[in-house]
Amino acid sequence: RPRPGLARFRGCLAGALLGDCLGAVFEGRSVVKLPELLSFLKGLEAAPPEEGGEAAGSARGESLPYTDDTAMSRSVVQSLLAKQEFDEVDMAKRFAEEYKKEPNRGYGMAVVNVFKKLLSPKCNDVFEPARAQFNGKGSYGNGGAMRVAGIPLVYPDIQDVKKFAKLSAELTHANSLGYNGAILQALAVHLALQEGLSRETFLEQLISHMEHVEADDKSLSDARALGFEDLPFSRRLKKIKEFLELSSVPKADVLSELGNGIAALRSVPTAIYSFLRCMDADPDVPDHYNALQRTIIYCISLGGDTDTIATMAGAIAGAYYGEEQVPPSWEQSCEAFQETQRMAKSLYELYCQRL
Ligand code: R7I
Ligand code: MG
Ligand code: MG
Ligand code: MG
(Lines give C-alpha, C1' and ligand atoms only; values in the text may rest on other atoms or scores of the structure.)
(Ligands and ions follow the chains in the order given, each with its own letter.)
Protein backbone atom coordinates (compact mmCIF):
# COMPACT_ATOMS: atom_id res chain seq x y z
CA ARG A 1 0.00 0.00 0.00
CA PRO A 2 1.51 3.40 -0.93
CA ARG A 3 2.13 5.68 2.00
CA PRO A 4 0.40 9.09 1.93
CA GLY A 5 2.69 12.00 2.78
CA LEU A 6 2.73 14.04 5.98
CA ALA A 7 1.35 17.02 4.01
CA ARG A 8 -2.04 15.26 3.74
CA PHE A 9 -2.23 14.72 7.51
CA ARG A 10 -1.36 18.34 8.18
CA GLY A 11 -3.78 19.47 5.50
CA CYS A 12 -6.56 17.39 7.02
CA LEU A 13 -6.30 18.78 10.54
CA ALA A 14 -5.68 22.33 9.28
CA GLY A 15 -8.63 22.15 6.88
CA ALA A 16 -10.85 20.91 9.71
CA LEU A 17 -9.74 23.72 12.02
CA LEU A 18 -10.26 26.37 9.33
CA GLY A 19 -13.72 25.09 8.54
CA ASP A 20 -14.76 25.18 12.19
CA CYS A 21 -13.27 28.59 13.09
CA LEU A 22 -14.38 30.36 9.90
CA GLY A 23 -17.71 28.54 9.75
CA ALA A 24 -18.52 29.40 13.37
CA VAL A 25 -18.63 33.10 12.48
CA PHE A 26 -21.71 32.35 10.34
CA GLU A 27 -23.24 29.34 12.19
CA GLY A 28 -27.02 29.23 12.35
CA ARG A 29 -27.69 31.91 9.73
CA SER A 30 -30.27 30.77 7.24
CA VAL A 31 -28.74 32.94 4.52
CA VAL A 32 -25.06 33.82 4.08
CA LYS A 33 -24.48 36.34 1.30
CA LEU A 34 -21.35 35.60 -0.71
CA PRO A 35 -20.13 39.25 -0.91
CA GLU A 36 -20.26 39.51 2.88
CA LEU A 37 -18.36 36.23 3.28
CA LEU A 38 -15.71 37.25 0.74
CA SER A 39 -15.23 40.61 2.39
CA PHE A 40 -14.84 38.92 5.80
CA LEU A 41 -12.14 36.67 4.31
CA LYS A 42 -10.38 39.65 2.74
CA GLY A 43 -10.16 41.15 6.22
CA LEU A 44 -8.30 38.07 7.46
CA GLU A 45 -5.95 38.14 4.50
CA ALA A 46 -5.18 41.85 4.98
CA ALA A 47 -3.69 41.32 8.43
CA PRO A 48 -0.01 40.62 7.67
CA PRO A 49 1.27 37.30 9.03
CA GLU A 50 3.77 38.11 11.77
CA GLU A 51 6.67 36.13 13.16
CA GLY A 52 5.91 33.88 16.07
CA GLY A 53 2.82 31.94 15.11
CA GLU A 54 0.20 31.76 17.83
CA ALA A 55 1.57 34.90 19.49
CA ALA A 56 1.08 36.72 16.18
CA GLY A 57 -2.57 35.62 16.04
CA SER A 58 -3.28 36.92 19.48
CA ALA A 59 -1.18 40.07 18.91
CA ARG A 60 -3.65 40.95 16.17
CA GLY A 61 -6.32 40.29 18.76
CA GLU A 62 -8.39 38.52 16.12
CA SER A 63 -7.84 34.82 16.70
CA LEU A 64 -11.05 33.07 15.72
CA PRO A 65 -12.09 30.64 18.47
CA TYR A 66 -12.76 27.03 17.62
CA THR A 67 -16.02 25.38 18.75
CA ASP A 68 -17.11 21.97 20.11
CA ASP A 69 -16.31 20.43 16.71
CA THR A 70 -12.58 21.04 17.20
CA ALA A 71 -12.66 20.56 20.98
CA MET A 72 -14.02 17.02 20.43
CA SER A 73 -11.77 16.33 17.42
CA ARG A 74 -8.79 17.19 19.60
CA SER A 75 -9.99 14.80 22.31
CA VAL A 76 -10.28 12.02 19.71
CA VAL A 77 -6.73 12.70 18.51
CA GLN A 78 -5.26 13.10 22.00
CA SER A 79 -6.84 9.83 23.11
CA LEU A 80 -5.54 7.94 20.07
CA LEU A 81 -2.05 9.36 20.60
CA ALA A 82 -2.00 8.66 24.35
CA LYS A 83 -3.24 5.07 24.00
CA GLN A 84 -1.76 4.36 20.55
CA GLU A 85 -5.12 2.83 19.61
CA PHE A 86 -8.87 3.35 20.13
CA ASP A 87 -9.77 3.15 23.82
CA GLU A 88 -13.41 3.90 24.56
CA VAL A 89 -12.98 4.59 28.28
CA ASP A 90 -10.13 7.03 27.74
CA MET A 91 -11.88 8.80 24.86
CA ALA A 92 -15.16 9.15 26.78
CA LYS A 93 -13.29 10.57 29.75
CA ARG A 94 -11.55 13.13 27.56
CA PHE A 95 -14.84 14.25 25.98
CA ALA A 96 -16.42 14.73 29.40
CA GLU A 97 -13.39 16.44 31.02
CA GLU A 98 -13.01 18.77 28.05
CA TYR A 99 -16.68 19.73 28.30
CA LYS A 100 -16.28 20.34 32.05
CA LYS A 101 -13.23 22.55 31.44
CA GLU A 102 -14.81 24.64 28.63
CA PRO A 103 -18.58 24.10 28.51
CA ASN A 104 -19.23 27.15 26.32
CA ARG A 105 -17.79 25.93 23.04
CA GLY A 106 -21.25 25.63 21.46
CA TYR A 107 -22.06 21.97 22.17
CA GLY A 108 -25.27 20.37 20.91
CA MET A 109 -28.24 20.85 23.24
CA ALA A 110 -28.70 17.19 24.15
CA VAL A 111 -25.15 15.81 24.14
CA VAL A 112 -24.26 17.70 27.32
CA ASN A 113 -26.43 15.21 29.24
CA VAL A 114 -24.14 12.44 28.03
CA PHE A 115 -21.11 14.31 29.36
CA LYS A 116 -22.77 14.87 32.74
CA LYS A 117 -23.51 11.14 33.08
CA LEU A 118 -20.00 10.20 31.95
CA LEU A 119 -18.59 12.46 34.68
CA SER A 120 -20.51 10.57 37.37
CA PRO A 121 -18.51 7.93 39.29
CA LYS A 122 -21.56 5.65 38.98
CA CYS A 123 -21.07 5.32 35.21
CA ASN A 124 -19.40 2.01 34.40
CA ASP A 125 -20.51 1.48 30.80
CA VAL A 126 -19.31 4.45 28.73
CA PHE A 127 -21.76 3.66 25.90
CA GLU A 128 -24.84 3.65 28.17
CA PRO A 129 -25.44 7.43 28.45
CA ALA A 130 -25.54 7.74 24.64
CA ARG A 131 -28.03 4.87 24.36
CA ALA A 132 -30.38 6.63 26.79
CA GLN A 133 -30.61 9.82 24.66
CA PHE A 134 -33.93 10.72 23.01
CA ASN A 135 -35.98 8.15 24.94
CA GLY A 136 -33.63 5.33 24.10
CA LYS A 137 -33.50 6.03 20.36
CA GLY A 138 -30.08 7.73 20.52
CA SER A 139 -29.00 10.98 18.86
CA TYR A 140 -28.84 11.37 15.09
CA GLY A 141 -26.91 14.66 15.37
CA ASN A 142 -23.71 15.25 13.42
CA GLY A 143 -21.48 15.31 16.54
CA GLY A 144 -20.01 11.85 15.86
CA ALA A 145 -19.11 12.81 12.29
CA MET A 146 -17.73 16.29 12.96
CA ARG A 147 -14.90 14.98 15.17
CA VAL A 148 -13.99 11.68 13.48
CA ALA A 149 -11.02 12.62 11.24
CA GLY A 150 -8.42 11.33 13.73
CA ILE A 151 -9.60 7.74 13.17
CA PRO A 152 -8.69 7.49 9.44
CA LEU A 153 -5.46 9.36 10.23
CA VAL A 154 -4.40 6.54 12.57
CA TYR A 155 -5.85 3.41 10.94
CA PRO A 156 -4.75 2.68 7.34
CA ASP A 157 -7.02 -0.36 7.07
CA ILE A 158 -10.53 0.45 5.85
CA GLN A 159 -12.23 -2.16 8.06
CA ASP A 160 -10.56 -0.55 11.09
CA VAL A 161 -11.70 2.87 9.89
CA LYS A 162 -15.33 1.69 9.83
CA LYS A 163 -15.13 -0.15 13.14
CA PHE A 164 -13.49 2.62 15.15
CA ALA A 165 -15.40 5.47 13.50
CA LYS A 166 -18.57 3.71 14.65
CA LEU A 167 -17.34 3.04 18.19
CA SER A 168 -16.00 6.59 18.64
CA ALA A 169 -19.35 8.00 17.51
CA GLU A 170 -21.38 5.62 19.70
CA LEU A 171 -19.93 7.27 22.80
CA THR A 172 -22.46 10.06 22.17
CA HIS A 173 -24.59 9.00 19.17
CA ALA A 174 -26.33 5.63 19.48
CA ASN A 175 -28.76 6.13 16.58
CA SER A 176 -27.43 4.62 13.35
CA LEU A 177 -28.35 7.84 11.53
CA GLY A 178 -25.76 9.48 13.78
CA TYR A 179 -22.94 6.93 13.75
CA ASN A 180 -23.36 5.94 10.10
CA GLY A 181 -22.70 9.60 9.30
CA ALA A 182 -19.44 9.29 11.23
CA ILE A 183 -18.52 6.17 9.26
CA LEU A 184 -19.23 8.00 6.00
CA GLN A 185 -17.14 11.03 7.00
CA ALA A 186 -14.27 8.76 8.15
CA LEU A 187 -14.39 6.83 4.85
CA ALA A 188 -14.28 10.12 2.93
CA VAL A 189 -11.13 11.22 4.77
CA HIS A 190 -9.61 7.75 4.30
CA LEU A 191 -10.19 7.88 0.54
CA ALA A 192 -8.99 11.49 0.31
CA LEU A 193 -5.64 10.43 1.80
CA GLN A 194 -5.05 7.99 -1.07
CA GLU A 195 -3.02 9.24 -3.99
CA GLY A 196 -4.78 10.45 -7.13
CA LEU A 197 -8.32 9.17 -6.68
CA SER A 198 -10.68 10.64 -9.30
CA ARG A 199 -13.98 12.24 -8.30
CA GLU A 200 -15.89 9.35 -9.88
CA THR A 201 -13.90 6.62 -8.12
CA PHE A 202 -14.09 8.45 -4.80
CA LEU A 203 -17.89 8.61 -4.99
CA GLU A 204 -18.33 5.05 -6.33
CA GLN A 205 -16.27 3.68 -3.46
CA LEU A 206 -18.24 5.63 -0.86
CA ILE A 207 -21.51 4.36 -2.33
CA SER A 208 -20.46 0.73 -2.35
CA HIS A 209 -19.17 0.89 1.23
CA MET A 210 -22.26 2.70 2.54
CA GLU A 211 -24.68 0.32 0.82
CA HIS A 212 -23.09 -2.39 2.91
CA VAL A 213 -22.84 -0.30 6.12
CA GLU A 214 -26.51 0.69 5.95
CA ALA A 215 -27.88 -2.77 5.18
CA ASP A 216 -27.78 -4.14 8.74
CA ASP A 217 -30.97 -4.59 10.80
CA LYS A 218 -30.40 -1.65 13.13
CA SER A 219 -29.69 0.79 10.28
CA LEU A 220 -32.82 -0.36 8.46
CA SER A 221 -35.05 -0.14 11.54
CA ASP A 222 -33.66 3.23 12.74
CA ALA A 223 -34.25 4.75 9.29
CA ARG A 224 -37.79 3.36 9.10
CA ALA A 225 -38.59 4.53 12.65
CA LEU A 226 -37.73 8.09 11.62
CA GLY A 227 -39.75 7.84 8.42
CA PHE A 228 -36.82 7.64 6.01
CA GLU A 229 -36.40 5.39 3.02
CA ASP A 230 -33.91 2.48 3.33
CA LEU A 231 -30.18 3.27 2.92
CA PRO A 232 -30.63 7.05 3.34
CA PHE A 233 -26.91 7.96 3.21
CA SER A 234 -26.36 5.83 0.09
CA ARG A 235 -29.33 7.48 -1.61
CA ARG A 236 -27.95 10.92 -0.93
CA LEU A 237 -24.58 9.88 -2.32
CA LYS A 238 -26.37 8.86 -5.52
CA LYS A 239 -28.08 12.25 -5.57
CA ILE A 240 -24.61 13.83 -5.32
CA LYS A 241 -23.62 11.84 -8.38
CA GLU A 242 -26.60 13.28 -10.27
CA PHE A 243 -25.73 16.82 -9.13
CA LEU A 244 -22.12 16.43 -10.30
CA GLU A 245 -23.32 15.49 -13.77
CA LEU A 246 -25.11 18.85 -14.12
CA SER A 247 -23.29 22.00 -15.20
CA SER A 248 -24.73 23.94 -12.28
CA VAL A 249 -26.99 23.15 -9.34
CA PRO A 250 -29.11 25.85 -7.63
CA LYS A 251 -28.40 26.30 -3.94
CA ALA A 252 -32.10 25.67 -3.22
CA ASP A 253 -31.78 22.16 -4.70
CA VAL A 254 -28.70 21.40 -2.64
CA LEU A 255 -30.51 22.52 0.50
CA SER A 256 -33.68 20.56 -0.20
CA GLU A 257 -31.98 17.32 -1.31
CA LEU A 258 -28.90 17.32 0.96
CA GLY A 259 -29.52 19.98 3.63
CA ASN A 260 -27.50 22.22 5.94
CA GLY A 261 -28.73 21.03 9.33
CA ILE A 262 -27.43 19.47 12.55
CA ALA A 263 -28.59 15.92 11.70
CA ALA A 264 -25.74 13.82 10.30
CA LEU A 265 -27.99 12.91 7.38
CA ARG A 266 -28.52 16.62 6.58
CA SER A 267 -24.85 17.59 6.77
CA VAL A 268 -22.33 14.81 6.05
CA PRO A 269 -23.50 14.27 2.44
CA THR A 270 -23.52 18.06 2.00
CA ALA A 271 -19.87 18.25 3.10
CA ILE A 272 -18.93 15.51 0.64
CA TYR A 273 -20.82 17.20 -2.18
CA SER A 274 -19.11 20.52 -1.37
CA PHE A 275 -15.67 18.91 -1.57
CA LEU A 276 -16.43 17.19 -4.88
CA ARG A 277 -18.09 20.11 -6.64
CA CYS A 278 -15.34 22.53 -5.58
CA MET A 279 -12.75 20.47 -7.44
CA ASP A 280 -13.95 22.66 -10.33
CA ALA A 281 -13.71 26.44 -10.46
CA ASP A 282 -16.79 28.40 -9.40
CA PRO A 283 -17.77 31.51 -11.41
CA ASP A 284 -18.91 33.22 -8.19
CA VAL A 285 -15.62 32.70 -6.31
CA PRO A 286 -12.50 34.72 -7.27
CA ASP A 287 -9.85 32.74 -9.20
CA HIS A 288 -7.07 33.35 -6.69
CA TYR A 289 -8.79 31.04 -4.19
CA ASN A 290 -7.66 27.42 -4.48
CA ALA A 291 -9.87 24.33 -4.31
CA LEU A 292 -9.59 23.93 -0.54
CA GLN A 293 -10.54 27.56 -0.01
CA ARG A 294 -13.42 27.24 -2.49
CA THR A 295 -14.68 24.23 -0.57
CA ILE A 296 -14.83 26.10 2.73
CA ILE A 297 -16.33 29.19 1.08
CA TYR A 298 -19.01 27.08 -0.57
CA CYS A 299 -19.93 25.26 2.65
CA ILE A 300 -20.30 28.51 4.57
CA SER A 301 -22.34 30.07 1.75
CA LEU A 302 -24.98 27.36 2.29
CA GLY A 303 -25.78 28.73 5.77
CA GLY A 304 -27.16 26.60 8.61
CA ASP A 305 -24.66 24.39 10.44
CA THR A 306 -21.73 26.13 8.76
CA ASP A 307 -18.99 25.30 11.28
CA THR A 308 -19.73 21.61 11.13
CA ILE A 309 -20.26 21.26 7.39
CA ALA A 310 -17.13 23.32 6.72
CA THR A 311 -15.05 21.39 9.26
CA MET A 312 -16.02 18.06 7.69
CA ALA A 313 -15.46 19.25 4.11
CA GLY A 314 -12.25 21.00 5.24
CA ALA A 315 -10.90 17.74 6.68
CA ILE A 316 -11.64 15.88 3.45
CA ALA A 317 -10.27 18.62 1.18
CA GLY A 318 -7.20 19.09 3.38
CA ALA A 319 -6.43 15.37 3.22
CA TYR A 320 -6.89 15.40 -0.55
CA TYR A 321 -4.95 18.55 -1.48
CA GLY A 322 -2.47 18.62 1.41
CA GLU A 323 -1.14 21.55 3.40
CA GLU A 324 0.05 23.36 0.23
CA GLN A 325 -3.51 24.60 -0.17
CA VAL A 326 -3.86 25.80 3.42
CA PRO A 327 -3.47 29.60 3.25
CA PRO A 328 -1.17 30.85 6.04
CA SER A 329 -3.25 33.96 6.68
CA TRP A 330 -6.39 31.89 7.20
CA GLU A 331 -4.63 29.32 9.32
CA GLN A 332 -2.94 31.90 11.51
CA SER A 333 -6.33 33.48 12.19
CA CYS A 334 -7.46 30.30 13.98
CA GLU A 335 -7.06 29.49 17.65
CA ALA A 336 -4.39 26.86 18.46
CA PHE A 337 -3.32 26.26 14.85
CA GLN A 338 0.26 25.34 15.78
CA GLU A 339 -0.90 22.51 18.03
CA THR A 340 -2.79 21.14 15.05
CA GLN A 341 0.47 20.84 13.12
CA ARG A 342 2.12 18.98 15.99
CA MET A 343 -0.79 16.57 16.33
CA ALA A 344 -0.70 15.85 12.58
CA LYS A 345 2.96 14.81 12.80
CA SER A 346 2.27 12.39 15.67
CA LEU A 347 -0.75 10.91 13.89
CA TYR A 348 1.33 10.44 10.77
CA GLU A 349 3.96 8.50 12.71
CA LEU A 350 1.32 6.23 14.26
CA TYR A 351 -0.29 5.62 10.85
CA CYS A 352 3.07 4.69 9.32
CA GLN A 353 3.78 2.25 12.15
CA ARG A 354 0.51 0.49 11.36
CA LEU A 355 1.12 0.22 7.61
O1 R7I B 1 -24.72 15.93 17.51
P2 R7I B 1 -24.29 16.87 18.54
O3 R7I B 1 -22.96 16.68 19.15
O4 R7I B 1 -24.39 18.36 17.95
C5 R7I B 1 -23.42 18.81 17.07
C6 R7I B 1 -23.81 20.18 16.60
C7 R7I B 1 -22.81 20.78 15.66
O8 R7I B 1 -23.47 21.67 14.79
C9 R7I B 1 -21.89 21.55 16.56
O10 R7I B 1 -21.24 22.60 15.88
C11 R7I B 1 -22.84 22.06 17.66
O12 R7I B 1 -23.42 23.29 17.34
O13 R7I B 1 -23.86 21.06 17.73
O14 R7I B 1 -25.33 17.01 19.72
P15 R7I B 1 -26.78 16.38 19.97
O16 R7I B 1 -27.35 17.23 21.06
O17 R7I B 1 -26.69 14.92 20.21
O18 R7I B 1 -27.58 16.59 18.61
C19 R7I B 1 -27.77 17.87 18.10
C20 R7I B 1 -29.23 18.16 17.97
O21 R7I B 1 -29.81 17.31 17.01
C22 R7I B 1 -30.05 17.92 19.23
O23 R7I B 1 -29.87 18.93 20.20
C24 R7I B 1 -31.44 17.83 18.64
O25 R7I B 1 -31.93 19.11 18.34
C26 R7I B 1 -31.18 17.10 17.32
N27 R7I B 1 -31.42 15.64 17.47
C28 R7I B 1 -32.62 15.08 17.64
N29 R7I B 1 -33.83 15.64 17.73
C30 R7I B 1 -34.89 14.80 17.88
N31 R7I B 1 -34.75 13.45 17.97
C32 R7I B 1 -30.51 14.67 17.48
N33 R7I B 1 -31.11 13.46 17.64
C34 R7I B 1 -32.42 13.68 17.74
C35 R7I B 1 -33.55 12.83 17.91
O36 R7I B 1 -33.49 11.58 17.99
MG1 MG C 1 -19.62 23.74 16.68
MG1 MG D 1 -23.93 25.27 17.90
MG1 MG E 1 -22.16 23.14 14.10
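Start at 1 with the first residue, then count along the sequence. Ligands are counted one by one from 1 in listed order, and the atoms in each one are counted from 1 as well.
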Is there a side-chain contact between [X] and [Y], using heavy atoms and a 4.5 Å cut-off?
X: L118; Y: V126; result: yes
X: E85; Y: R354; result: yes
X: Q185; Y: V189; result: yes

With backbone taken as N, CA, C and O and side chain as the heavy atoms from C-beta onward, which portion of [X] lies under 4.0 Å from ligand 1: side chain, backbone, both, or neither?
X: V111; answer: both
X: Q133; answer: neither
X: N142; answer: both
X: Y140; answer: both

Has ligand 1 got any nitrogen or oxygen that is less than 3.5 angstrom from a nitrogen or oxygen of [X]?
X: Y107; answer: no
X: H173; answer: yes
X: K137; answer: no
X: D69; answer: yes

With heavy-atom distances below 4.0 Å as the criterion, list the atoms of ligand 1 near [X].
X: A110; answer: 16 (O), 23 (O)
X: D68; answer: 9 (C), 10 (O), 11 (C), 13 (O)
X: E27; answer: 8 (O), 10 (O), 12 (O)
X: S139; answer: 15 (P), 17 (O), 18 (O), 32 (C), 33 (N)
X: G106; answer: 11 (C), 12 (O)
X: D307; answer: 10 (O)
X: G138; answer: 36 (O)
X: T308; answer: 7 (C), 8 (O), 9 (C), 10 (O)

Given D69 and T311, is the side chain to side chain donor-acceptor pair (under 3.5 Å) satisfied, shown in steps?
CA-CA 8 Å; D69 301 53; T311 202; 5.4 Å; no
Name of the [X] atom (N/O/S only) found closest to the Mg ion (ligand 2):
X: D307; result: OD2
X: D69; result: OD1
X: D68; result: OD1

Among residues two or more places apart or on two chains, list those pairs meeting side-chain hydrogen bond (donor to acceptor under 3.5 Å, both in side chains) that have a residue in residues 224-243.
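Only E204-K241, E211-K238, E214-S234, R224-D230, E229-R236, K239-E242 qualify under side-chain hydrogen bond (donor to acceptor under 3.5 Å, both in side chains).
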Near the Mg ion (ligand 4), is there an N/O/S atom from T308 that is less than 2.8 Å away?
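Given the 2.8 Å cut-off, T308 counts as a ligand of the Mg ion (ligand 4).
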With a cut-off of 2.8 Å, does D305 place any N/O/S atom under that distance from the Mg ion (ligand 4)?
yes
To the nearest 0.5 Å, tell me how far L206 CG sits from I240 CD1.
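With rounding to 0.5 Å, CG (L206) is 8.5 Å from CD1 (I240).
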To the nearest 0.5 Å, what is the distance between CD on E257 and CZ on R266?
8.5 Å
Using ring pair (Phe, Tyr, Trp, His ring centres under 6.0 Å) as the criterion, list what pairs up with F115, not counting sequence neighbours.
Y99, Y107
Hey, would you say the Y155 and Y351 ring centroids sit under 6.0 Å apart?
no
is_close_aromatic(F26, F40), centroid dist under 6.0 Å
yes
Answer yes if the side chains of T67 and D307 hold a donor-acceptor pair under 3.5 Å, and no otherwise.
yes
NZ (K251) with more than 12 external heavy atoms under 6.0 Å:
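Result for NZ/K251: enclosed.
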If you take the nearest heavy atom of each of V112, N135, I262, which one is closest to atom 25 (O) of ligand 1?
I262
Which option wins on minimum heavy-atom distance to atom 3 (O) of ligand 1: G143, G181, A71?
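Checking each option, the heavy atom nearest atom 3 (O) of ligand 1 is found in G143.
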Is the ring pair F86/F164 parallel, tilted or perpendicular, if the boundaries are 30 and 60 degrees?
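Rings of F86 and F164: tilted, as their planes differ by 30° to 60°.
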For the residue pair Y289 and W330, categorise the inter-ring angle as parallel (less than 30°), tilted (30 to 60°) or perpendicular (more than 60°).
tilted
Looking at F243, I'd like to know if the NZ or CZ of R277 sits under 6.0 Å from its six-membered ring centre while staying within 45 degrees of the ring's axis.
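Here R277 fails the 6.0 Å and 45° test against F243.
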Look at T67 and state whether any of its N, O or S atoms is less than 2.8 Å from the Mg ion (ligand 2).
yes
Atom name in E27, limited to N/O/S, at shortest distance from the Mg ion (ligand 4)
OE2
